[in-house]
Amino acid sequence: MKKEVVKLIQSQLNARGLNVGAVDGIAGDKTFKALAKIKEIPTDWPNDRKLIGFVQLLAQENNIDVGSLDGYWGPQTGYAYDALADLLLKEKEPEIWRPEDLPDLNPNNWPKQDPQSELIRFYGNVGENQTRINLPYPHRLSWDKTKTISSFSCHEKVHDSMLKVLTNVLNHYGIDEIKRLRLDLWGGCLNVRQMRGGTKYSMHSWGIAVDYDPDRNPLNWGRDKAAFAQPEYNAWWRFWEEEGWLSLGRTRNFDWMHVQAAKL
Ligand SMILES: [Zn+2]
């Protein structure tokens, strides 16, 4: 089992007052003594299964869809673990994180992301009402940088606004700087999928969210590591924010690759 998983288990056992000592990622006697006090975990399971069972229990307690508590690490437990780690990471962050006072503009009246019934009222059902945006500058696929695209599918209601933002980006930075800053590395827009471990749909499901340069802005990286948190990206974010788009990085300090036409 990965050290980071064991660390999460140990810190959560400590949080329950079941003192396991140092959170070192190595499951030893103290960890298993603590696990023995968790009544949901059968005592006759092998150690690995107990550890996995506790991850599943934590997921259940946090309303993350993990299925049954069986002590086996399948794909669903993997997704649930990722969602759980994200959630616990977010809880450690301040409720609203801002590098400076961000303008809360909303000229296009983007709806809130919750409840999703509001989103559906505004945008329609997931995957519907799509159009293609012809890009003001070519994008490269982040997962295959040899492939260049000149358009992609997005929701028709966000089309004009997104075109305006990307045109501003081109005029401000110019193509050479765009490439240097990797503002042409596209990580995807329309993708009908449920949020990891959850039952709600991702904002990508409506074609109202876009990801850029995911390699240097992974989901769990905060401002200390994410490339898009650097000051040279301030104009990039300003153009989106002027149009009312929301950066999870700028507002919540995670998922810096992502920008969406829905408010929190
Ligand atoms: Zn995204």
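Computed from a prediction, not measured in an experiment: that's the story for all the values here. For ligands, and for the atoms within them, numbers begin at 1 and follow the listed sequence.
Nearest N/O/S atom of His204 with respect to the Zn ion (ligand 1) is recorded as NE2. For the Zn ion (ligand 1), the nearest N, O or S atom contributed by His258 is named ND1.
Note on Val55 and Tyr72: separate hydrophobic clusters, where clusters join Ile, Leu, Val, Met, Phe, Trp and Tyr whose side-chain heavy atoms are under 4.5 Å apart, directly or indirectly.
Side chains of Glu241 and Ser247: a donor-acceptor N/O pair is absent below 3.5 angstrom, by distance only. Side chains of Asp184 and His139: no donor on one and acceptor on the other come within 3.5 Å.
The distance from the Zn ion (ligand 1) to the nearest N/O/S atom of Asp211 is under 2.8 Å.
Between the side chain of Gln130 and the main chain of Leu190, no donor-acceptor pair closer than 3.5 Å is present.
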